[in-house]
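Data first, discussion second: the structure below is written as structure tokens.
As the structure is a prediction and not an experimental result, all values here were calculated from the model. Residue numbering restarts at 1 for every chain, and letters A, B, ... go by the order of the sequence lines.
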Protein chains: 2
Amino acid sequence: MKLSEGVEAAIHSVTILASLGPGETMPAAAFADAYEISASYLLKHLKVLVADGLLESVSGPQGGYRLARAAEKITLLDVVLAIEGRQPAFRCTEIRQRGPVRLPAEVYAKPCQINAAMLKAERAYRAALAETSIADIAADFSAEADPRAVAAACAFAEQNKRPQGRSKNTQAKGEKA
Amino acid sequence: MKLSEGVEAAIHSVTILASLGPGETMPAAAFADAYEISASYLLKHLKVLVADGLLESVSGPQGGYRLARAAEKITLLDVVLAIEGRQPAFRCTEIRQRGPVRLPAEVYAKPCQINAAMLKAERAYRAALAETSIADIAADFSAEADPRAVAAACAFAEQNKRPQGRSKNTQAKGEKA
DNA sequence: GGCCACGTACTCGGATAGAATCTGTCCGAGTGCGAATGG
DNA sequence: CCATTCGCACTCGGACAGATTCTATCCGAGTACGTGGCC
């Protein structure tokens with residue numbers, strides 16, 4: 001039950017990208033530097049987000065990343081599932097069926113109560129994550145955070161954003177997935 | 001976001017122990033064999049449950065494990081936290097404060113919105129787990145599972161349970177924790 | 001002066017080491033029962 | 001025949017390797033811009 005550290009970086013990155021204009025992009029090196037984290041390692045995570053259709057990437061000079069859809073339609077759950085994988089955290093291995101006393105399979109037709117309870121909790125977890133979109137995060141930040149922090153974030157975005165960029169390669173990626 | 005496999009074994013073990021009488025114990029080797037999992041490895045997890053006060057252990061012949069309190073007062077959350085640790089899955093490293101633009105600490109007085117949202121989801125997860133007690137699991141099993149499975153479980157318990165046992169060593173453990 | 005070709009610099013993408021954690025195993029400490037012995 | 005003592009078998013507890021995953025890094029593929037040369 002430990003989320004990988006990359007989840008935090010990924011969410012922050014997506015949140016920054018949400019502050020860009022419609023077609024604008026920002027290179028990963030920019031916020032890797034701003035967050036003082038390894039750019040190469042951040043790339044690794046962003047690549048997954050691209051593969052999952054959350055981000056689009058643009059190669060070459062003036063390239064970078066941008067959201068693949070509106071920030072309102074990207075939830076924390078999307079990011080977490082992209083990084084951590086879609087399979088539930090609790091995986092029932094049906095140990096109840098193992099062991100010396102082998103009963104016919106029909107005996108285990110009903111799902112394991114333990115698995116059911118664990119999955120129910122995980123649904124609650126995912127539902128809570130799905131309630132919050134990246135746009136919500138960004139809005140909360142603008143509204144509640146210290147004005148100086150907001151100003152710094154805006155300045156950073158203004159300084160590192162790239163005007164435009166095609167995204168053909170990303171489209172091709174998306175098709176294969 | 002991946003629970004260790006030991007969680008499943010631990011929950012099943014605790015559920016079995018819930019079927020015993022008040023002072024009765026059962027050795028770990030019994031259900032390790034029944035589940036076809038490594039006894040040594042199961043011990044590793046049960047030890048943690050003992051340290052966390054969920055189980056009591058009795059050494060020596062006729063020894064084993066038993067619940068430290070009523071099955072109604074042991075929830076899935078208790079077991080999961082014991083095995084996986086109490087710290088939240090998402091740990092905010094405050095990367096917003098890192099980087100070249102260092103603003104005064106007071107700017108970050110308010111908690112990070114991302115962290116808040118993640119923790120909120122985790123509270124929902126834990127709340128859902130806390131709703132289900134081991135007694136609930138056992139009751140559901142008795143009520144809904146196939147009668148043959150229930151009979152097999154009862155027979156197993158009857159066959160491997162140990163009448164009684166002191167628990168002085170466990171008490172000492174509890175005090176040090 | 002305008003157009004084209006080339007080189008360069010910058011971006012992301014994938015493959016490759018190192019660290020930490022999870023999984024699995026072994027050996028040792030402690031305990032209660034049972035047998036053997038002596039009274 | 002009964003009490004005591006000793007040994008043994010069984011339990012949990014902690015220390016020790018192997019495997020898998022996470023973390024971090026480096027090098028390569030592709031692209032757009034800028035420069036230089038040519039028409």
Side-chain angles (χ1 to χ4, degrees), chain A residues 1-10 13 25-33 36-51 55-66 83-85 87 89 91 93 160-170 172-173 176-177, chain B residues 1-10 13 25-33 35-51 55-66 83-85 87 89 91 93 160 162-170 172-173 176-177:
Chain A
M1 179 143 86
K2 207 177 56 177
L3 266 63
S4 85
E5 204 163 328
V7 172
E8 184 183 8
S13 300
T25 65
M26 190 184 290
F31 34 90
D33 189 51
E36 242 176 21
I37 56 181
S38 159
S40 303
Y41 186 42
L42 182 61
L43 262 298
K44 189 184 197 66
H45 294 308
L46 295 180
K47 175 177 46 173
V48 176
L49 297 182
V50 170
L55 301 183
E56 288 177 353
S57 66
V58 179
S59 290
Q62 303 300 316
Y65 290 94
R66 71 179 158 220
I83 302 293
E84 293 287 326
Q87 67 178 352
R91 292 144 301 167
T93 59
N160 293 101
K161 73 182 182 184
R162 303 292 176 75
Q164 185 70 27
R166 330 281 176 287
S167 61
K168 292 155 198 153
N169 56 337
T170 298
K173 272 279 173 206
K176 117 181 160 205
Chain B
M1 177 142 87
K2 206 178 54 177
L3 266 63
S4 85
E5 204 162 327
V7 173
E8 185 184 8
S13 301
T25 65
M26 191 183 289
F31 34 89
D33 189 51
Y35 288 154
E36 242 177 22
I37 55 182
S38 159
S40 304
Y41 187 42
L42 183 61
L43 263 298
K44 191 185 196 65
H45 293 309
L46 295 180
K47 175 175 48 173
V48 177
L49 296 182
V50 170
L55 301 184
E56 287 176 354
S57 66
V58 179
S59 291
Q62 303 299 315
Y65 290 94
R66 71 178 158 222
I83 302 293
E84 294 286 326
Q87 67 177 354
R91 291 144 301 166
T93 60
N160 293 101
R162 302 292 175 76
Q164 185 71 28
R166 329 285 175 286
S167 61
K168 292 154 198 155
N169 56 338
T170 299
K173 274 277 175 208
K176 119 184 158 206

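- Atom CD in A/Glu56 sits about 16 Å away from atom C1' in C/dT11, given to the nearest Å.
- Taken to the nearest 0.5 Å, the OG1 atom of A/Thr25 stands 7.5 Å off from the CD atom of A/Gln62.
- Atom OH of B/Tyr65 and atom C1' of C/dT31 are 14 Å apart (whole Å).
- Considering every non-hydrogen atom in both B/Arg162 and B/Pro27, the closest pair reads NH2-CG, 3.5 Å.
- The distance between atom CD1 of B/Ile83 and atom P of C/dT21, rounded to the nearest whole Å, is 17 Å.
- Atom NZ of B/Lys47 is separated from atom C1' of C/dC26 by 13 Å (rounded to the nearest Å).
- Residue B/Lys2 contributes atom NZ, which lies 7 Å from atom C1' of D/dT20 at whole-angstrom precision.
- Axis angle across the helix from C/dG1-D/dC39 to C/dG39-D/dC1, with five pairs used at each end and values rounded to 10°: 10°.
- A/Arg91 has its side chain out of reach of B/Glu8: every pair of non-hydrogen atoms, C-beta onward, lies at least 4.5 Å apart.
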- Are B/Glu5 and A/Thr93 close enough, and set up right, to give a side-chain hydrogen bond (donor to acceptor under 3.5 Å, both in side chains), and what steps lead you there? CA-CA 9 Å; B/Glu5 204 162 327; A/Thr93 59; 4.7 Å; no
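- Between A/Ala39 and A/Ala32, the shortest heavy-atom distance links the atoms CA-CB, 3.5 Å.
- The two residues B/Ser13 and B/Tyr35 have their closest heavy-atom pair at N-CE1, 4.4 Å.
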Under 3.5 Å donor-acceptor pairs involving side-chain atoms of residues 42-51 of chain B, not counting sequence neighbours:
| unit_1 | atom_1 | unit_2 | atom_2 | d |
| --- | --- | --- | --- | --- |
| B/His45 | NE2 | B/Tyr41 | OH | 3.4 |

Close N or O pairs between protein and nucleotides 7-10 of chain D (under 3.5 Å):
none

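- Applying the side-chain contact (heavy atoms from CB on, under 4.5 Å) test to B/Glu84 and every residue at least two apart in sequence or in another chain returns A/Met1, B/Leu3, B/Ser4, B/Val7, B/Val80.
- A/Ser38 meets the side chain to side chain donor-acceptor pair (under 3.5 Å) test with no other residue; sequence neighbours excluded.
- Taking atom CG on A/Leu55 and atom P on C/dG13, their separation rounds to 10 Å, with Å as the unit.
- Applying the salt bridge (charged side-chain N to carboxylate O under 4.0 Å, His left out) test to A/Lys161 and every residue at least two apart in sequence or in another chain returns A/Glu24, A/Glu158.
- One atom, CG of A/Leu43, and another, C1' of C/dG14, lie 11 Å apart when rounded to the nearest Å.
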Check nucleotides 23-26 of chain D for protein N or O atoms closer than 3.5 Å to its own N or O atoms and list the pairs.
| unit_1 | atom_1 | unit_2 | atom_2 | d |
| --- | --- | --- | --- | --- |
| D/dT23 | OP1 | A/Glu5 | N | 2.8 |
| D/dT23 | OP2 | A/Tyr41 | OH | 3.0 |
| D/dT23 | O5' | A/Tyr41 | OH | 3.1 |
| D/dA24 | N6 | A/Lys44 | NZ | 3.3 |
| D/dT25 | OP2 | A/Ser38 | OG | 3.2 |

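- Atom CD of B/Gln87 is separated from atom C1' of C/dA20 by 14 Å (rounded to the nearest Å).
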